[in-house]
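Worksheet for the structure shown next.
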Amino acid sequence: QVQPVESGGGLVQAGGSLRLSCAASDARRTFTNFRMGWFRQAPGKAREFVAAISWNGVISDYADSVKGRFTISRDNAKNTVYLQMNSLKPEDTAIYYCAADLGRLPTTRESKQYDYWGQGTQVTVSS
């Protein structure tokens, strides 16, 4: 029902910033009902939770590894969720995925609870 498409990834030096965007196509205009999340997967590592945001953008959740550096936000009028990444570190290097679901709780860190996933966008942070 909704198809997330990530963009904004790239190569950046340590300490720099990137802003990822996730445009979610939704022909039925139900985007405002979806909670959204960002996950990432580094080479040879399991996919891990990064950040999540409730349907109305009021409630957000962050992994400890990115708390204070990353900010998740959404613009429901544009059917888009963002991930502002500041003070980037080499360990942030990964493919970043946007996900959506219609779960009851405002946010979730569990990847299995997300029903819709984007193709991912590569973020590479050099030393």
I'd like to know if the side chain of Thr121 reaches the main chain of Gly9, judged simply by a donor and an acceptor atom lying under 3.5 Å from each other, with no hydrogens or angles considered. yes
Passes salt bridge (Lys or Arg N to Asp or Glu O under 4.0 Å), Asp64 versus Lys67? Steps please. CA-CA 5 Å; Asp64 289 341; Lys67 194 172 298 182; 3.4 Å; yes
With no hydrogens and no angle check, is any side-chain donor or acceptor of Thr107 less than 3.5 Å from a backbone partner on Ala52? no
Verify side chain to side chain donor-acceptor pair (under 3.5 Å) between Asp75 and Thr80, making sure each step is shown before the conclusion. CA-CA 5 Å; Asp75 186 342; Thr80 302; over 6 Å; no
Can you check side-chain contact (heavy atoms from CB on, under 4.5 Å) on Leu83 and Val81, steps first, answer last? CA-CA 7 Å; Leu83 185 67; Val81 63; over 6 Å; no
Minimum heavy-atom separation for Cys98 to Met36, with atom names? SG-CE, 3.6 Å
Under 4.5 Å between any side-chain heavy atoms of Leu20 and Glu6, yes or no? no
With a 4.5 Å cut-off on side-chain heavy atoms, are Phe70 and Asn86 touching? no
Residue pair Asn33, Leu102: steps toward the side-chain contact (heavy atoms from CB on, under 4.5 Å) verdict: CA-CA 7 Å; Asn33 298 126; Leu102 289 170; 3.8 Å; yes
So, Tyr62 versus Phe49, ring centres under 6.0 angstrom or not? no
Cation-pi, Tyr97 ring and Arg47 (6.0 angstrom, 45 degrees): yes
Would you find a donor on one side and an acceptor on the other, under 3.5 Å apart, between the side chain of Glu48 and the backbone of Arg40? no
Tell me yes or no: between the side chains of Arg69 and Gln84, is some donor less than 3.5 Å from an acceptor? no
If hydrophobic clusters are built from ILVMFWY residues whose side chains come within less than 4.5 Å, do Ile72 and Val66 share one? yes
Could you tell me whether the side chains of Gln113 and Thr108 share a donor-acceptor contact shorter than 3.5 Å? yes
With a 3.5 Å distance limit and no angle check, can you tell me whether Thr124 reaches the backbone of Leu11 through a side-chain donor-acceptor pair? no
Give me the atom names and distance for the closest heavy-atom approach of Ser73 to Ile53. CA-CD1, 3.7 Å
Within a 6.0 Å radius of atom CD on Gln13, are there more than 12 heavy atoms belonging to other residues, nucleotides or ligands? no
Measuring only between side-chain heavy atoms, which start at C-beta, is Gln41 closer than 4.5 Å to Tyr96? no
